[in-house]
Amino acid sequence: MKNPTVRQCTLTRPAEFAGIGVHNGQPSRLTIKPASADSGYTLTRIAEDGTVLGSARIDHARVSRTSLCTVIDLGQSISVATVEHVLSALNGLGIDNAEIVVTGEECPIIDGSAEPFVDAVLDAGISVQAQRKKFIRILRSVTVRDNDAFAMLEPYNGRAFDVEIDFNSKVIGRQRMIFDWSPRKFAIQVAPARTFGFVAQAKVLRQAGYALGSSLENSIAIEEEKIVNPDGLRFEDEFVRHKLLDAVGDLALAGLPIYGRFRSYKGGHGLNALVLKSLFASEANFEIMEADTLPLEMEALGDLPDRLSVEPYLRSIG
């Protein structure tokens, strides 16, 4: 499908999900709703009766915790955990504006990947909006480190991710993925990759209040030197693909898609959040640009998943 426009887009219809939180093990519901142009991603938490408990634009909210998942603070002691997979789906598909409404303390984990969210957006379709797409263009490299681990944003003509992991496990080992973004490639190559963990650590995590909803239905489990899941892996390098998926979701916290290259080694949610903080520490590090004024034509914008229905923007005359 040819690129229909460089204008912003949102969902045509709401997409709904129900499940449990992978960490608290409690029931959770989530709805992704269409949103107006230039509104970005808004995260809202509601009570069972529909009362709004807290709401904020993602780029205006505070990241309150990055241990094992990304937690967003909505104020007044209200937070939502594990937002990275749904944000990854929206950011990875190039959706500019959406409202994410959650009932519960944590987003539902579904199958541990971003694929269910991607599939729902494809089913809902997207609507093109009047305003032009905007990007954060990286002007100067910024790097944050934790011993030998690091995360970096650097100038690059396009949207690229270079993620490398290194685990002391023969099952995982050292893996690297270099990914030049397009919505179609994200849906096929990144979105299906699931979260993972080690069986030996599960008891300790549960005693600390984490992984209470983790199971073989939503996580890859590693025991000693084998994969416990009967169906094995979706990709030979599924582990690094999931780390890249997480990075796409965490970088969505910038509020606009990033035009540049993200690199990380032994990274995670903490370093992903810190590299954004470092980026915004100086206005000399970036600039806001519209899609049609970027240095190179963003051909990737038109590389859409085959079954995505696009409702074009219709300009009224008279």
Side-chain angles (χ1 to χ4, degrees), residues 1 9-23 28-33 41 68-70 81-95 98 100-102 106-126 159 161 163 165 172 175 177 179-197 213-222 227-252 257 269 272 300 303-310:
M1 181 184 297
C9 64
T10 188
L11 280 72
T12 300
R13 296 178 300 277
E16 298 182 351
F17 309 86
I20 62 170
V22 69
H23 292 301
S28 174
R29 297 195 303 277
L30 183 149
T31 303
I32 308 174
K33 298 181 177 182
Y41 302 147
L68 300 176
C69 67
T70 297
T82 319
V83 300
E84 59 271 17
H85 296 173
V86 63
L87 288 177
S88 185
L90 294 171
N91 193 16
L93 287 175
I95 305 298
I100 305 163
V101 181
V102 182
E106 188 175 359
C107 295
I109 190 63
I110 317 296
D111 75 342
S113 76
E115 189 171 47
F117 301 115
V118 165
D119 286 343
V121 172
L122 297 185
D123 290 340
I126 63 173
R159 292 187 71 190
F161 298 81
V163 175
I165 60 175
I172 303 176
Q175 299 180 1
M177 185 175 186
F179 179 72
D180 279 300
W181 171 85
S182 81
R184 181 185 62 83
K185 289 193 292 185
F186 175 84
I188 296 171
Q189 300 176 18
V190 180
R194 295 161 294 172
T195 191
F196 58 92
S214 178
S215 71
L216 297 183
E217 301 298 319
N218 56 42
S219 306
I220 303 168
I222 304 163
I227 303 294
V228 177
N229 304 62
D231 296 334
L233 299 175
R234 294 176 177 176
F235 306 95
E236 184 177 354
D237 59 348
E238 188 168 358
F239 306 102
V240 72
R241 289 175 191 250
H242 185 78
K243 286 292 188 179
L244 196 152
L245 182 158
D246 280 345
V248 173
D250 288 339
L251 293 183
H269 301 301
N272 295 344
D303 187 25
L304 303 176
D306 292 337
R307 67 184 182 91
L308 179 62
S309 172
V310 179

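Side chains are part of it too, since the values below use all heavy atoms of this structure and drop only hydrogens, waters and symmetry mates. Bear in mind that the values here come from a model prediction, so they are computed numbers and not experimental data.
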ask   = With a 4.5 Å limit on heavy-atom distance, are the side chains of Arg29 and Val101 in contact?
value = no
request  = Hey, could you give me the CD1/CG distance between Ile227 and Leu233, rounded to the nearest 0.5 Å?
outcome  = 4.5 Å
inquiry  = Test of understanding: with side chain to side chain contact (heavy atoms under 4.5 Å, CB included), list the residues that count as partners of Ser182, not counting sequence neighbours.
reply    = Arg184, Lys185, Ala300, Asp303
ask   = Excluding sequence neighbours, so at least two apart, what forms side chain to side chain contact (heavy atoms under 4.5 Å, CB included) with Ala221?
value = Val199, Leu216, Val228, Asn229
remark   = Taking every heavy atom of Ile32 against every heavy atom of Ala98, the minimum-distance pair comes out as CG2-CB, 4.0 Å
request  = Determine whether Glu16 and Thr31 make a side-chain contact, defined as any pair of heavy atoms from C-beta on separated by less than 4.5 Å.
outcome  = yes
query = Going from CG on Asp123 to CG on Leu308, what distance comes out if it is rounded to the nearest 0.5 angstrom?
reply = 10.0 Å
Side chain to side chain contact (heavy atoms under 4.5 Å, CB included) partners for Ser214, two or more places apart = Val22, Arg206, Ala211, Asn218, Ser219
remark   = Hits for side-chain hydrogen bond (donor to acceptor under 3.5 Å, both in side chains) against Ser28, two or more places apart or cross-chain, chain-then-number order -> none
query = Does the side-chain contact (heavy atoms from CB on, under 4.5 Å) test come out yes or no for Thr82 and Leu68, once each step is laid out?
reply = CA-CA 9 Å; Thr82 319; Leu68 300 176; over 6 Å; no
query = Who are the side-chain hydrogen bond (donor to acceptor under 3.5 Å, both in side chains) partners of Thr12, not counting sequence neighbours?
reply = Ser127
key: Val83 versus Val86, closest heavy-atom pair with distance   = O-CG1, 3.3 Å
query = Looking only at heavy atoms, which two atoms of Thr70 and Glu84 are closest? And how far apart?
reply = N-OE1, 3.0 Å
task = List in chain and number order the residues that pass salt bridge (Lys or Arg N to Asp or Glu O under 4.0 Å) with Asp180, two or more places apart in sequence or in another chain; answer none if no residue qualifies.
result = none
note = Across all chains, not counting sequence neighbours, the ring-ring contact (aromatic ring centres under 6.0 Å, His included) partners of Phe239 are Phe196
ask   = Between Val190 and Met177, is a side-chain contact (heavy atoms from CB on, under 4.5 Å) present by the stated rule, with each step listed?
value = CA-CA 10 Å; Val190 180; Met177 185 175 186; 4.2 Å; yes
note = Hits for salt bridge (Lys or Arg N to Asp or Glu O under 4.0 Å) against Arg13, two or more places apart or cross-chain, chain-then-number order -> none
key: Inter-residue atom distance Ile110.CD1 - Asp119.CG, 0.5 Å rounding   = 11.5 Å
query = Pairs in or reaching into residues 242-252: which pass salt bridge (Lys or Arg N to Asp or Glu O under 4.0 Å), with residues at least two apart or in two chains?
reply = none
Note, Ile109 side chain near His85 side chain (heavy atom, < 4.5 Å) = yes
task = Report yes if the side chains of Pro257 and Arg159 come closer than 4.5 Å at any heavy-atom pair, otherwise no.
result = yes
message = Between Asn91 and Tyr41, is there a side-chain heavy-atom distance shorter than 4.5 Å?
response = yes
query = Residues in ring-ring contact (aromatic ring centres under 6.0 Å, His included) with Phe117, at least two apart?
reply = Phe17
remark   = Closest heavy-atom pair, Gly249 versus Leu87, reported as atoms and distance to 0.1 Å, is O-CB, 3.7 Å
request  = Apply side chain to side chain contact (heavy atoms under 4.5 Å, CB included) to Arg234 and list each qualifying residue two or more places apart in sequence or on a separate chain.
outcome  = Asp111, Ser113, Glu115, Pro192, Arg194, Glu238
query = So do the side chains of Ile126 and Leu93 get within less than 4.5 Å of each other, counting heavy atoms only?
reply = no
ask   = Can you check whether Val248 reaches Trp181 side chain to side chain, under 4.5 Å on heavy atoms?
value = no
message = If you apply the rule side-chain contact (heavy atoms from CB on, under 4.5 Å), what do you find for Glu106 with Ile20, and how did you get there?
response = CA-CA 8 Å; Glu106 188 175 359; Ile20 62 170; over 6 Å; no
query = How far apart are the closest heavy atoms of Asn272 and Ala247, and which atoms are they?
reply = ND2-CA, 3.7 Å
task = Start with the C-alpha gap between His242 and Leu245, add the side-chain angles, then the distance that decides, and say whether side-chain contact (heavy atoms from CB on, under 4.5 Å) holds.
result = CA-CA 5 Å; His242 185 78; Leu245 182 158; 4.2 Å; yes
